[in-house]
Amino acid sequence: MENLTEHEILNISARAGEVLLKSTAETYRVEETCRFVCQKNGLDFAEAFVLPTVIILTSNSKGEQTKIRKTYDRSTNITNICKVNSFVRNLEKDDRTYTEKMEYLKGIRDKKPYPDWLYCLMCGFVSGGFSILAGATRFDFLAAFVCGLLSGIAAILVKHLPAKTFLKCFLVGLITGSIAITASELSAKCFFEPIIVGGMKPFFPGITILLSLRDYFAGNISAGTSRLAEGLIVGGSLAAGVALVLEGYVLFGGLI
């Protein structure tokens, strides 16, 4: 293994942690990974502090240095988590140079997991599948599929806007509520309840809430609270979009 400077070790550690954090790994896992990378390279007095949007690394093993990495885009990617875990476990046997290691981690971080068309299509199938679990007919399945498809397109269109996570979920709620009400009005064979359930499921923050509980159980109160707040706000954005459509439906003479 190449002899690395403290600066280089902290950079590798921060980059590995950044990939994990962007892939929605638990914050305590990110902290453990960052410390592991430092300790395996001789920085015994390194410490990591991680929140869902920031990594702070510090070391006074060979002089005092601090590294900060911020990230706002997060999506569940188990493949990336596995790749980083494998990279870290084999770090002592890794003969690549510092530059090659950083490029490898950058490649993992920047690689797009799926093309946009496949993402939208899968959103449609997931929405349709969950609507069936909620007791949907085949007509409800088709309506829920359209909900998921259009919601996926909306999510891609707003991904570069500020507050995109909450705006995306609000738009998903609007789209789901509108299609559910329209389908139920056009056909007596469609029922808006399973369509709404199916349309919202791909974007429901279940993993975020689960990770907040895991962080709480690991003793990371600040990270757990941050994730829980994010999950509640995202879920509230979904509910607000659907509620707005249903309220308009009632005000304009619809019966629910």
Side-chain angles (χ1 to χ4, degrees), residues 21-27 50-54 70-77 119-120 122-124 126-131 133-136 140 143-184 191-217 220-252 254 256:
L21 200 59
K22 287 175 70 71
S23 303
T24 323
E26 304 92 329
T27 51
V50 178
L51 290 174
T53 58
V54 66
K70 298 194 73 174
T71 178
Y72 298 101
D73 298 321
R74 298 183 300 280
S75 60
T76 304
N77 194 320
Y119 171 79
C120 296
M122 289 302 102
C123 284
V126 170
S127 294
F130 273 107
S131 70
L133 294 178
D140 297 332
F145 177 85
V146 174
C147 284
L149 186 66
L150 295 180
S151 296
I153 294 173
I156 291 172
L157 292 177
V158 303
K159 65 181 179 181
H160 297 300
L161 297 179
K164 54 185 172 295
T165 301
F166 310 112
L167 177 60
K168 173 187 72 176
C169 291
F170 182 71
L171 289 176
V172 167
L174 290 178
I175 292 170
T176 300
S178 300
I179 292 178
I181 295 300
T182 302
S184 62
F191 304 93
F192 62 82
E193 293 94 339
I195 299 174
I196 290 176
V197 171
M200 294 174 65
K201 277 297 183 180
F203 304 93
F204 189 78
I207 292 179
T208 301
I209 295 174
L210 175 62
L211 291 179
S212 74
L213 297 177
R214 295 190 66 174
D215 283 329
Y216 275 127
F217 294 151
N220 199 332
I221 305 300
S222 55
T225 302
S226 300
R227 285 194 188 274
L228 182 60
E230 179 187 3
L232 293 176
I233 294 174
V234 168
S237 300
L238 279 169
V242 174
L244 183 62
V245 174
L246 294 181
E247 183 65 22
Y249 179 65
V250 172
L251 290 176
F252 286 100
I256 299 179

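Along the sequence shown, residues carry numbers from 1. Quick caveat, the model's predicted, so the values are computed rather than measured.
A243 meets the side chain to side chain contact (heavy atoms under 4.5 Å, CB included) test with no other residue; sequence neighbours excluded. Applying the ring-ring contact (aromatic ring centres under 6.0 Å, His included) rule to F145 yields the partners F125; only residues at least two apart in sequence or on another chain are considered. Under the side chain to side chain donor-acceptor pair (under 3.5 Å) criterion, R214 pairs with E26, Y28, not counting sequence neighbours. Listed by chain and residue number, I209, R227, L228 satisfy the side chain to side chain contact (heavy atoms under 4.5 Å, CB included) test with S212 (two or more places apart in sequence, or in another chain).
Applying the side chain to side chain donor-acceptor pair (under 3.5 Å) test to residues at least two apart or on different chains, none of the pairs has a partner in residues 173-183.
Side-chain atoms of T27 and D215 form a donor-acceptor pair, as typed in the model, at a separation below 3.5 Å.
For the pair V126 and F130, the minimum side-chain heavy-atom distance is below 4.5 Å. A heavy-atom distance below 4.5 Å is not found between the side chains of T208 and L211. In this structure, K168 and V234 have side chains that are not in contact, with every pair of non-hydrogen atoms separated by 4.5 Å or more.
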Do any side-chain atoms of residues 146-154 form donor-acceptor pairs under 3.5 angstrom with protein atoms, and if so which ones, sequence neighbours left out?
{"unit_1": "S151", "atom_1": "OG", "unit_2": "C147", "atom_2": "O", "d": "2.7"}

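Across all non-hydrogen atoms, the minimal contact from G177 to V242 is N-CG2, 4.5 Å. Residues D140 and F191 share a closest heavy-atom pair of OD1-N, 2.9 Å. The two residues V50 and L21 make their nearest non-hydrogen contact at CG1-CD1, 3.9 Å.
The distance from the OG atom of S127 to the CD1 atom of I175 is 10.5 Å, given to the nearest 0.5 Å. Rounding to the nearest 0.5 Å places CG of L238 at 12.5 Å from CD1 of I233. Distance check: I195 CD1 to I179 CD1 gives 9.0 Å after rounding to the nearest 0.5 Å.
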Original post:
Which is it for T24 and N77 under the side-chain contact (heavy atoms from CB on, under 4.5 Å) test, yes or no, and what are the steps along the way?
Top reply: CA-CA 7 Å; T24 323; N77 194 320; over 6 Å; no
